[in-house]
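All values derive from a computational prediction rather than experimental measurement. Letters A, B, ... are given to chains in the order of the sequence lines, protein chains preceding strands, and every chain is numbered from 1.
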Amino acid sequence: MKHVKTIAKPELNKITEHSGCGECRSSCQSACKTSCTVGNQVCEQRVLVRNSGK
Amino acid sequence: MIHAFNFKDDYFVYDVESGSLHEIDKLIFDILKNNDLANYDKKEVEEAKAEIETLKANGLLDAPAPEYKMDEKRLDVKALCLHVCHDCNLRCGYCFAKEGTYSGAREMMSLETAKKAMDFLIDNSADRKILEVDFFGGEPLMNFDVLKKTVEYAKQRAKEKGKFFKFTTTTNGVLLNKEASEYLNDEMDNVVLSLDGRKEVNDSVRKTPNGKGSFDLIIDNFKYFRSIRGDKSYFVRGTFTSKNLDFSKDVLFMNDLGFDQISIEPVVLSDDHPLAIHEKDMPKIFEEYENLAEEYVKRRKDPEKWFSFFHFVLHLNDGPCYKKRLVGCGAGSEYLAVAPNGDVYPCHQFVGQTKFKLGNVFDGKLNDELRHTFAKTSLFTKDECQNCWAKYHCSGGCNANSVNFNGDMNKPYKPACEMMKKRLECSMYVFAKENN
């Protein structure tokens with residue numbers, strides 16, 4: 001495309017079998033304690049896949 | 001829903017439901033914003049419009065929301081904020097915990113209560129494998145012996161049950177001697193070190209009980225901890241107030257001291273407090289976030305200056321799932337706080353508010369009706385969030401702030417919303433610069 005460059009396309013709206021597994025960190029436990037930021041967290045299932053080299 | 005925005009001369013469009021981020025030219029931006037197109041070549045405009053339609057056809061722009069039904073019945077617990085000490089050796093001017101007491105007595109958690117809290121967490125965690133405990137206060141190192149014995153006990157119990165603990169300690173650094181540093185480095189998954197930045201900024205708010213600044217007391221302790229921490233997780237975490245709206249200088253100062261994992265949070269105080277942030281401060285705060293984002297991109301190209309800023313970290317491609325984005329922190333359901341006497345609250349921000357007390361770890365049973373109220377609260381129940389482009393990044397904001405300012409978990413605390421949106425635009429700019 002000439003006018004657009006796609007930077008990320010995570011398909012957030014696709015629900016997978018692991019959606020809601022609950023193994024990710026509670027957002028408030030990291031550093032904030034006063035705000036509710038979830039977008040800067042990582043999905044533990046994706047970490048597992050990455051670490052297994054798949 | 002889409003959000004087209006610019007960061008100075010760079011233009012972007014974020015697709016809310018798919019999470020896609022596109023860098024665009026000014027023409028596409030003007031089309032999406034319904035701006036006047038009279039100065040553009042007609043053929044170029046048609047070409048750009050065709051590209052917009054292609055994005056839509058590929059589910060990358062104006063994508064639909066998924067059909068998702070919340071499971072509100074699950075009340076498994078996976079994380080505790082463990083208040084091992086309701087006392088503090090500092091007297092910070094903005095402390096929401098009222099000098100660590102949470103408006104109650106100065107008291108330490110007994111080992112018996114801490115062990116009971118660990119049993120409570122394990123027994124109520126159903127099939128969750130990873131459990132989290134944040135040693136919090138007051139100042140948790142004032143009860144260091146109990147902290148250490150609790151870690152030992154929790155690890156032993158987790159092993160028996162096939163689970164795994166991730167520990168965090170949040171400390172002001174006064175008691176962070178070499179022994180404490182080495183212990184925390186070995187046992188903690190994450191360590192949060194409280195520091196507000198420049199000495200004069202820190203010392204104007206973070207004071208000892210006799211009114212002296214704390215910077216000189218703690219800074220060498222934090223530097224030592226950093227020197228042994230390697231690449232494991234920690235945060236130097238500050239708070240900015242109306243007295244240091246130029247907080248980007250504090251972030252960069254902490255980076256210059258050698259810290260590379262930094263967070264600075266806006267203070268949350270009622271409007272009449274002298275340190276409170278007001279609506280009129282927003283333009284300056286937004287400018288600061290922009291300045292910080294530009295310097296952040298520059299410094300991260302230099303291995304000697306590289307650092308991570310908590311609110312600019314954005315995992316667009318491997319971030320949380322949809323459900324996590326609906327419920328956020330899980331306060332009251334999967335995340336709870338335990339006071340020194342064993343009383344359980346939805347989170348640390350509610351500790352001491354008796355109407356939110358959920359029970360006690362020695363009771364073996366909590367007020368599940370109230371917990372269900374928290375579990376049901378999500379993006380779906382917050383009317384004002386429905387049309388917000390940033391909703392999947394904050395999950396509707398901090399429920400405690402909503403209650404404390406607006407008396408209702410479903411009515412978000414607006415100043416936090418505005419700052420969240422600005423930080424998110426900055427972090428998307430950073431992401432684009434580093435992934436382009």
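- Comment: Lys78(B) engages Glu334(B) in a salt bridge, judged by a side-chain N to carboxylate O separation of less than 4.0 angstrom.
- For chain B, the nearby parts of Glu23(A) are the backbone and the side chain; heavy atoms of each come within less than 4.5 Å.
- Both the backbone and the side chain of Leu21(B) come within contact range of chain A, with heavy atoms under 4.5 Å apart.
- Scored by the side-chain hydrogen bond (donor to acceptor under 3.5 Å, both in side chains) test, Thr6(A) finds His22(B) as partners (sequence neighbours excluded).
- If you measure heavy-atom distances from Gln261(B) to chain A, you find no contacts under 4.5 Å at all.
- Relative orientation of the Phe167(B) and Phe165(B) rings is parallel, given thresholds of 30° and 60° on the angle between their planes.
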Please step through side chain to side chain donor-acceptor pair (under 3.5 Å) for the pair Tyr14(B) and Glu425(B), ending with a clear verdict. CA-CA 9 Å; Tyr14(B) 176 64; Glu425(B) 286 184 351; over 6 Å; no
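- Residue contact with chain A, scored on non-hydrogen atoms closer than 4.5 Å, is absent for Val267(B).
- Legend: residues meeting side-chain hydrogen bond (donor to acceptor under 3.5 Å, both in side chains) with Lys382(B), ordered by chain and number and at least two apart, are Asn399(B).
- Contact annotation for Lys14(A): neither backbone nor side-chain heavy atoms come within less than 4.5 Å of a heavy atom of chain B.
- Most heavy-atom pairs under 4.5 Å with chain A, from the set Lys166(B), Lys323(B), Met428(B), Glu44(B): that is Glu44(B).
- Of the listed residues (Asn435(B), Ile24(B), Leu314(B), Asn436(B)), the one with the most heavy-atom contacts under 4.5 Å to chain A is Asn436(B).
- In this structure, the portion of Tyr68(B) lying under 4.5 Å from any heavy atom of chain A is its side chain and not its backbone.
- If you measure heavy-atom distances from Ala416(B) to chain A, you find no contacts under 4.5 Å at all.
- Contact tally against chain A (heavy-atom pairs below 4.5 Å) for Ser427(B), Ala390(B), Gly319(B): the top residue is Gly319(B).
- Distance alone, capped at 3.5 Å, is enough to place a donor-acceptor pair between the Asp62(B) side chain and the Met1(B) backbone.
- For the set Thr54(B), Ile264(B), Leu55(B), the count of heavy-atom pairs under 4.5 angstrom toward chain A peaks at Leu55(B).
- Ranked by heavy-atom pairs under 4.5 Å with chain A, the list Pro66(B), Ala331(B), Cys321(B) is led by Pro66(B).
- Side chains of Asn190(B) and Ser233(B): a donor-acceptor N/O pair is present below 3.5 angstrom, by distance only.
- Only the side chain of Leu60(B) comes within less than 4.5 Å of a heavy atom in chain A; its backbone stays farther off.
- The greatest number of non-hydrogen atom pairs below 4.5 Å with chain B, out of Lys5(A), Lys9(A), Glu11(A), is found for Lys5(A).
- Proximity of Thr168(B) to Glu132(B): side-chain heavy atoms (C-beta onward) are nowhere separated by under 4.5 Å.
- With a 4.5 Å cut-off on non-hydrogen atoms, Asp127(B) touches chain A through its backbone but not through its side chain.
- No donor-acceptor distance shorter than 3.5 angstrom exists from the side chain of Asn317(B) to the backbone of Ala8(A), with no hydrogens or angles considered.
- Interface remark: Lys129(B) contributes backbone and side-chain atoms alike to the contact with chain A (heavy atom separation under 4.5 Å).
- For the pair Glu51(B) (side chain) and Lys2(A) (backbone), a donor-acceptor distance under 3.5 Å is present.
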